[in-house]
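Contents: one structure, followed by commentary.
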Amino acid sequence: MIKQIVVACLLLLVVGPLSADSVEFDLSQVREFFPVADRLEEVGEKPPVTRIYRGNVLLGYAFVTSYIVSIPAYSGEPIHTLVTIDTAGTITGVRILAHEEPILVVGITDDDLQQFIDQYVGKRIGETLKIGGRPRQGATVLDGISGATITVMVLNAGITRSLEEVGKSLTLSDELAPADKTGTAGATSGAHAPIWVQVWQERIFQIVVLALGLLVLLFILIMQDWLARHPRLLQRLRTGFLMYTVLFIGWYSLAQLSIVNVLTFLRSLFREFSWESFLIDPAMFILWSFVAVTIVLWGRGVYCGWLCPYGALQEFVFRLGRYLKVPSFEFPEIVHERLWAIKYIILLGLFGLSLHSMSLAETYAEVEPFKTAITLRFQREWGFVFYALLMLLASLFIRKFFCRYVCPLGAALTFPARFRIFDWLRRRKECGHPCQICRNECEVGSIRGTGEIIETECHYCLACQITYWNTQKCPPLIDKRRRQERHRRSEGGVAAKAPPSDPPT
Ligand code: SF4
Ligand code: SF4
């Protein structure tokens, strides 16, 4: 089935139309800020600026920030913002014309955004603007938007840097008043550090704690055989790590990977690829890099079993169910394996949609309850919260229900996992013939009745490895232990019964 899906994806890639982004504005939009304007005239292409007139009187200028400085935001696409300035270089209006920011699609309203960009009105070319934090001499502080820090930084950089470019060009062509020339020149003299550098500097605590967590996970993976022979330690480590995943990676860092990231990455390969759009969120970048490496080494289970906040949340819900003695349920193997197809079909559908429209794909990617449960911490409209809770509730009865049958990200991660290098999960010839202990314990039902581990489904929880080394539980080991004990007993008995040997002559 995987092969057919890959072929279908490639076909979609070949025939699917890529939406061409072209963002225009017209006189009616400009009149919002210059009500008496009656015509527009393009100044030139470098930078692309439009003059605003009433009759022959020049009123000001208008431009779209992304056509002057294209700074990719979360979605990998820039935010297209219309800015108008008067002939003295003062901003008279700012409007977002288009964006593809996933966080804005789901969490932040247009009013929040409008309130933020309205703060630019009255600011002048060359003025230093800073988002949040302590006041700094010579800088004007603007209020940010909680939960959309990076988007807001990109918006700010887009507006201020394009203003500088426009100011420089208009100064050179003597269109701005002399008083503005000095301040402009001052602002454009230095080179700007890429925006991601600023973000990484500001998030150093998050980066260090995440890196330490990933080192601990690497230690667990490398020492898995030793740890599996110390089950209590491994189980405690696992529970602690899953808590870290939900609390720190999920609810603190908001670093829940999503199918939207995969679609954005694939799309960027066929458009203008830019590292900057991936570096913009350090936690996501580090996590994706780690996942890319561990998928090739150990398979997709390292992410799904250890690093996915929503996956970890489901596991805790399942454990709560066992504590409350809620009966759990498993589909028969044949039904269980047929139901896997659902997640691949969802993946294929989202991929096809993303080729047509990324915004549409993002909307349908809500099939992942990640944004509701993790990014927005359940602070959302009741419909989304209901769905996220429903999926968690399902895990009370069927362990990791969403992961097994619905998750398109889990499905996407199975493709690179097919090339994994290490096969460190140990099996015995008795596994499945007739022993079924590990199969019954597997958290996602990835062990067949025949004893074979389906590597693309495995979440690398290591439960089967704990059993593998357990001399009180694993039947072949129990047999071996008993044989050894019998042997020792019989040796002891023989030794006890044996007559004293003859003294040497
Ligand atoms: S299958 Fe999906 S929800 Fe489950 S752990 Fe993997 S990515 Fe997370
Ligand atoms: S029990 Fe074994 S096969 Fe099942 S998910 Fe855990 S490591 Fe993978």
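Whatever order the structure lists ligands and atoms in, that order sets their numbers, starting from 1. Residue indices begin at 1 and follow the sequence shown.
Ion pairing of E457 with K400 is absent here, as no side-chain N (NZ or NE/NH1/NH2) approaches a carboxylate O to less than 4.0 Å. Under the 4.0 Å criterion applied to side-chain N and carboxylate O atoms, R399 and E315 are assigned as salt-bridge partners. Looking at E430 and K480, no side-chain N of the basic residue comes within less than 4.0 Å of a carboxylate O on the acidic one, giving no salt bridge.
Short contacts between ligand 1 and C407, defined as distances under 4.0 Å to a heavy atom of the residue, involve ligand atoms 1 (S), 2 (Fe), 3 (S), 7 (S). Which parts of ligand 1 touch Y303 is read off a 4.0 Å heavy-atom cut-off, strictly below it: atoms 7 (S). Annotation for ligand 1: atoms under 4.0 Å from non-hydrogen atoms of F402 are 3 (S). Heavy-atom contacts of R300 reach the following atoms of ligand 1: 1 (S) (cutoff under 4.0 Å). Within the listing of ligand 1, atoms 1 (S), 5 (S), 6 (Fe), 7 (S) sit less than 4.0 angstrom from a heavy atom of C304.
For atom 1 (S) of ligand 1, the choice among A312, P309, C403, A373 with the nearest heavy atom turns out to be C403.
Remark: distances from the non-hydrogen atoms of E368 to ligand 1 are all 4.0 Å or more.
Looking only at atom types and distance, the side chain of Q224 has a donor-acceptor partner in the side chain of Y460 under 3.5 Å away. When only modelled atom types and interatomic distance are considered, Y405 and H336 share a side-chain donor-acceptor pair under 3.5 Å.
Taking backbone and side chain together, C308 holds no N, O or S atom under 2.8 Å from atom 2 (Fe) of ligand 1.
Cation-pi geometry between R238 and W306 is satisfied (NZ or CZ under 6.0 Å from the ring centre, within 45° of the ring normal). Judged by the 6.0 Å distance and 45° axis criteria, R322 is positioned over the aromatic ring of F318.
The shortest heavy-atom contact between V246 and A312 is CG2-CB, 3.6 Å.
Sorted by chain and number, the protein atoms of type N, O or S within less than 2.8 Å of atom 8 (Fe) of ligand 2 are C458 SG.
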Discussion item. The test is ring pair (Phe, Tyr, Trp, His ring centres under 6.0 Å); show your working for Y244 and F241 and say whether it passes.
Written reply: CA-CA 5 Å; Y244 161 85; F241 201 91; 5.3 Å; yes
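Surrounding CE of M223 are more than 12 heavy atoms belonging to other residues, nucleotides or ligands, all under 6.0 Å away.
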